[in-house]
Protein chains: 2
Amino acid sequence: MIRVLIAEDHTLVREGIKQLLSMADDIEVVGEASDGDVLFAALRETACEVLLLDMTMPGPHGIEAIKRIAALPQAPRILVLTMHNETQIASRALKAGASGFATKDSEPTMLLAAIRKVAAGRRYIDPALADRMVFEMGMGDARPPHETLSEREYQIFELLVSGVSVTEIGERLSISSKTVSTHKIRLLQKLNLTTTADLVRYAFEAQLFTPGV
Amino acid sequence: MIRVLIAEDHTLVREGIKQLLSMADDIEVVGEASDGDVLFAALRETACEVLLLDMTMPGPHGIEAIKRIAALPQAPRILVLTMHNETQIASRALKAGASGFATKDSEPTMLLAAIRKVAAGRRYIDPALADRMVFEMGMGDARPPHETLSEREYQIFELLVSGVSVTEIGERLSISSKTVSTHKIRLLQKLNLTTTADLVRYAFEAQLFTPGV
DNA sequence: GTCTCGTGTAGGAATCGCCCTACACGAAGC
DNA sequence: GCTTCGTGTAGGGCGATTCCTACACGAGAC
């Protein structure tokens with residue numbers, strides 16, 4: 001029996017996934033979490049083989065959450081579930097310790113297959129996504145510009161898009177605002193943009209982030 | 001029997017919702033659509049009482065789609081389903097012809113209740129959302145905040161969103177940058193926002209711009 | 001007719017953020 | 001091994017922006 005923990009903030013989606021998983025005889029949902037803090041509490045108390053993890057949820061989330069989970073003793077296999085099929089995010093997630101990457105575009109049967117695969121210690125990547133990853137990685141500089149951003153730049157990119165000021169980013173990350181500003185300038189150059197407004201528009205057009213988080 | 005059509009682009013979410021609805025005896029899913037074009041085709045061929053509509057999907061979507069659907073002969077009741085609980089978007093959706101507004105944070109039973117309510121010709125708004133709407137917008141005023149902007153403020157709003165700096169706006173309009181800044185502060189207050197990034201996000205979420213996806 | 005209120009307009013002070021410059025450090029190249 | 005490059009880190013100077021304040025003017029309100 002594969003024990004699965006579902007981390008997904010939208011109740012409706014979470015319940016829907018539970019319903020879908022209940023169709024499989026070899027999969028059992030042993031817990032769920034609606035935000036990052038609840039998730040870490042659940043992980044401490046509930047043993048499971050697979051964690052179904054949404055990338056965007058309140059509290060600790062995303063790449064950082066994956067790193068923390070992967071570092072836990074008896075860490076479950078992590079199957080990332082996301083709305084967008086961004087190669088960028090996928091490769092970062094896998095690098096951070098995730099075992100698989102599925103999008104919400106997937107067929108339900110594919111999700112079951114993905115869970116079984118990562119539970120067995122193998123990797124799973126959404127086929128369409130894997131295709132694009134291979135293609136884009138092979139193309140070198142034909143990759144979308146945002147994939148050339150460094151970790152730090154990407155982190156600041158996200159914060160800027162979500163409306164946090166340069167000064168406050170500095171405070172949150174405990175670095176000088178000057179440093180944040182430098183990262184901002186560099187990432188703007190990489191993306192060939194000039195203003196913060198451009199940045200937000202870029203993020204929306206590339207559908208990198210979920211609005212309203 | 002309430003016949004429901006589901007318009008939602010993410011297969012997994014769509015299937016999950018189908019599973020949830022199948023638990024109710026009085027609700028029947030008669031069709032589904034993964035993008036705007038498929039949706040309009042389905043609406044022509046399939047009669048239904050309630051359309052469960054995701055605001056963000058490929059093809060015709062959002063407020064524009066709601067207007068078009070509401071204008072159809074024998075238009076179904078529209079229950080909007082969204083990830084975010086944005087009051088602005090909700091009021092615009094209702095004004096455009098939607099009968100209800102539920103978020104994906106809702107409990108499954110609330111979704112069933114919402115479907116039954118709109119099927120009966122009544123309105124449904126997510127309780128938490130309704131609360132915020134009343135609080136943020138004042139009783140009865142269902143107008144989106146950006147409609148309360150003055151001509152000048154709206155003009156500067158557009159320029160800011162398209163990436164023009166305060167100084168350059170001043171030059172273009174032949175007024176002081178200080179004046180532009182004043183307008184900016186006032187319009188941000190009206191929209192209950194704080195930064196330029198928020199402004200651009202708002203514009204996208206309220207779909208004042210058509211993202212070229 | 002006067003009195004608000006919203007709007008368009010700025011100035012001065014303070015702050016923020018950009019730009020240039022710089023340096024340390026690890027990875028990759030030669 | 002030495003060099004180059006990308007990255008993360010800042011400081012100083014200065015222009016850009018905000019914040020507070022102010023005033024004129026037209027539209028309604030009373």
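Sequence lines set the chain letters: A, B, ... in the order given, protein chains first and strands last, and positions in each chain run from 1. Hydrogens, waters and symmetry mates play no part in the numbers below; they use all other heavy atoms, side chains included.
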Please identify each residue that fulfils side-chain contact (heavy atoms from CB on, under 4.5 Å) with [X], with sequence neighbours left out.
{"X": "S165(A)", "answer": "T167(A), E168(A)"}
{"X": "A42(A)", "answer": "L5(A)"}
{"X": "T179(B)", "answer": "I175(B), S176(B), H183(B)"}

What integer distance in Å separates [X]:[atom1] from [N]:[atom2]?
{"X": "I185(B)", "N": "dT9(C)", "atom1": "CD1", "atom2": "C1'", "answer": "14 Å"}
{"X": "L199(B)", "N": "dT18(D)", "atom1": "CG", "atom2": "P", "answer": "11 Å"}
{"X": "Q155(B)", "N": "dT7(C)", "atom1": "CD", "atom2": "P", "answer": "15 Å"}
{"X": "I169(A)", "N": "dA10(D)", "atom1": "CD1", "atom2": "C1'", "answer": "16 Å"}
{"X": "R152(B)", "N": "dC25(D)", "atom1": "CZ", "atom2": "P", "answer": "17 Å"}
{"X": "Y154(B)", "N": "dG8(C)", "atom1": "OH", "atom2": "P", "answer": "15 Å"}
{"X": "L187(B)", "N": "dG6(C)", "atom1": "CG", "atom2": "P", "answer": "16 Å"}

Looking at residues at least two apart in the chain, or sitting in another chain, which of them share a side chain to side chain donor-acceptor pair (under 3.5 Å) with [X]?
{"X": "T195(A)", "answer": "D198(A)"}
{"X": "R77(A)", "answer": "none"}
{"X": "K117(B)", "answer": "none"}
{"X": "R122(B)", "answer": "none"}

Run through D126(B), T103(B), L111(B) and flag the one making a side chain to side chain contact (heavy atoms under 4.5 Å, CB included) with L81(B).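 Considering D126(B), T103(B), L111(B), a side chain to side chain contact (heavy atoms under 4.5 Å, CB included) with L81(B) is found only for L111(B).
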Qualifying residue, where the test is side chain to side chain contact (heavy atoms under 4.5 Å, CB included) with Y202(B) and the options are L191(B), N192(B), V161(B):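 The option that passes is L191(B).
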Look for any protein N or O under 3.5 Å of an N or O in nucleotides 10-17 of chain C and output each such pair with its distance, or none.
from: dA10(C); atom 1: OP2; to: S176(B); atom 2: N; distance (Å): 2.8
from: dA10(C); atom 1: OP2; to: T179(B); atom 2: OG1; distance (Å): 2.7
from: dA10(C); atom 1: N6; to: T182(B); atom 2: OG1; distance (Å): 2.9
from: dG12(C); atom 1: N7; to: K178(B); atom 2: NZ; distance (Å): 2.9
from: dG12(C); atom 1: O6; to: K178(B); atom 2: NZ; distance (Å): 3.3
from: dG17(C); atom 1: OP2; to: T167(A); atom 2: N; distance (Å): 3.0
from: dG17(C); atom 1: OP2; to: T167(A); atom 2: OG1; distance (Å): 2.1

For the helix from dG1(C)-dC30(D) to dC30(C)-dG1(D), what angle lies between the axis at the first five pairs and the axis at the last five pairs, to 10 degrees? 40°
Selection from dG8(D), dG8(C), dT7(C) that lies nearest to any side-chain heavy atom of H183(B):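 Output: dG8(C).
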